[in-house]
Amino acid sequence: MTEHSLWRFSRALHRAINDRHFEDIEALIDEDVEWAIYGPIDMFPFLGARQGKAAVLQVIRQLADNFRVRRFERESIMLGVDSASSMLRYSLTALDSDKPISLRVAQFAQFRADRLTSMRVLVDTFDLVEQALGRAIHLPKMTSVG
Amino acid sequence: MTVESLNRQRVLHLLDAFARGDIEAALSCCTDDVDFLTHAPIDVLPHLGPRHGKAELRELWQTVWSRYQEIRYKAPHIVAGGDDVAIYLHGYFTKRSNGRIVQFDMTVFYTFRNGQIAQIREIIDSYDLVQQVLEQEIGPLIVGAATKED
């Protein structure tokens, strides 16, 4: 039984972010990959949609420039034949401020011939912004319209 | 039909029921002790707080329907494995107050027990959602608050 593409990709991604070793991840990304981590791109330029291997590798380099993965835990995982989805709890360190950041992340990945063809990631972005700011964002409670 | 295929159909059935406003049909897909959690700012969106049991989930879904007149979903990705189903959704919720459409992406992870949904976990691009609900960009509010603190 061969290993699911997700495991190989996950190991390579973490190696790229923490060790700045990009050769493994480069071999696991399709030339026409579609990639999106949704969130406020004006605050976090590495968020947003990307198309193609070069653009995705650039994002991964930006992630490596900004964060270190301290630990992560998969809370839920589903593996299809060429797809995978998981909910993860990440503990990161923001390298510019040395602040800890804790995130819950959902990822949906699709593979073809062991290479990543699509990645969509959702994060509780309001929480991410508050942690990056180091304070709460005070807004009115939306008790009647939200 | 495999358990995975059945569970996938059950999730789509729940979403169809909820989108047509049939909350009781949606609740019938869930266990009596269904546990619901959205990872979203509940100090801003208090109705999205944790819910336990059908009565609390009914109250949440009724609150959502009291604020939106039309709810539509597109589900481009759905993955099932064992007792779990994960779905990636584009949501389009039309406000009753002014007809504006709140458009957002969300992921939902369902866990089944004996053919019913026992756990629901949602992750939303919450910063964007809050801006659309508020109909206001948050960025200037953050900058304004920082300026006052300075």
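Hydrogens, waters and symmetry mates play no part in the numbers below; they use all other heavy atoms, side chains included. A note on names: the letters A, B, ... follow the listed sequences, proteins ahead of strands, and every chain is numbered from 1.
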Let's test your reading of the structure: which of B:Asp128, B:Leu48, B:Val85, B:Thr107 forms the most heavy-atom pairs below 4.5 Å with chain A?
B:Thr107
Pull out the residues in residues 114-124 of chain B that come under 4.5 Å of chain A, heavy atom to heavy atom, sorted by number.
B:Arg121, B:Ile123, B:Ile124
Quick check on the interface: out of A:Ser83, A:Ser86, A:Ala136, A:Ser76, who has the most heavy-atom pairs with chain B under 4.5 Å?
A:Ser86
Taking the six-membered ring for Trp, is the centroid-to-centroid distance between A:Phe67 and A:Phe44 below 6.0 Å?
no
Pick one of side chain, backbone, both or neither for B:Ala86, based on which atoms fall under 4.5 Å of a heavy atom in chain A.
both
Using the six-membered ring wherever Trp is involved, compare the ring planes of B:Trp65 and B:Phe18 and label them parallel, tilted or perpendicular (cut-offs 30° and 60°).
perpendicular
Option in B:Ile87, B:Leu129, B:Val102, B:Asn98 with maximal non-hydrogen atom pairs under 4.5 Å from chain A
B:Ile87
Turns out that what part of A:Val129 lies under 4.5 Å from chain B's heavy atoms comes down to side chain
Identify which of B:Gly82, B:Ala80, B:Pro41 forms the greatest number of heavy-atom pairs closer than 4.5 Å to chain A.
B:Pro41
Side chains of A:Ile77 and A:Leu6, heavy atoms from C-beta outward: is any pair under 4.5 Å?
yes
For A:Ala55 and A:Gln51 the tightest heavy-atom approach is CB-O, 3.6 Å
Can you tell which part of A:Leu122 gets under 4.5 Å to a heavy atom of chain B, answering side chain, backbone, both or neither?
both
Kindly assign one of parallel, tilted or perpendicular to the pair A:Tyr38 and B:Tyr88, based on the angle between their ring planes and the thresholds 30° and 60°.
tilted
Pair B:Thr111-B:Asp83, side-chain donor/acceptor within less than 3.5 Å
no
Do the charged groups of B:Arg113 and B:Asp33 touch, with an N to O distance under 4.0 Å?
yes
Between A:Leu128 and B:Ser126, is there a side-chain heavy-atom distance shorter than 4.5 Å?
no
Are any of the side-chain heavy atoms of B:Val64 and B:Ile71 separated by less than 4.5 Å?
yes
Neighbour count >12 (heavy atoms, 6.0 Å) for atom CD1, A:Ile41:
no
Heavy atoms of B:Cys29 and B:Arg10 approach each other most closely as SG-O, 4.4 Å
Interface residues of residues 18-31 of chain A facing chain B - heavy atom cut-off under 4.5 Å
none
Honestly, the part of A:Gln110 sitting under 4.5 Å from a heavy atom of chain B is side chain
Does CZ in A:Arg70 sit with more than 12 non-hydrogen atoms of other residues, nucleotides or ligands closer than 6.0 Å?
yes
Measure from NZ or CZ of B:Arg72 to the centre of the six-membered ring of B:Tyr92 and say whether it is under 6.0 Å with the direction within 45° of the ring axis.
yes
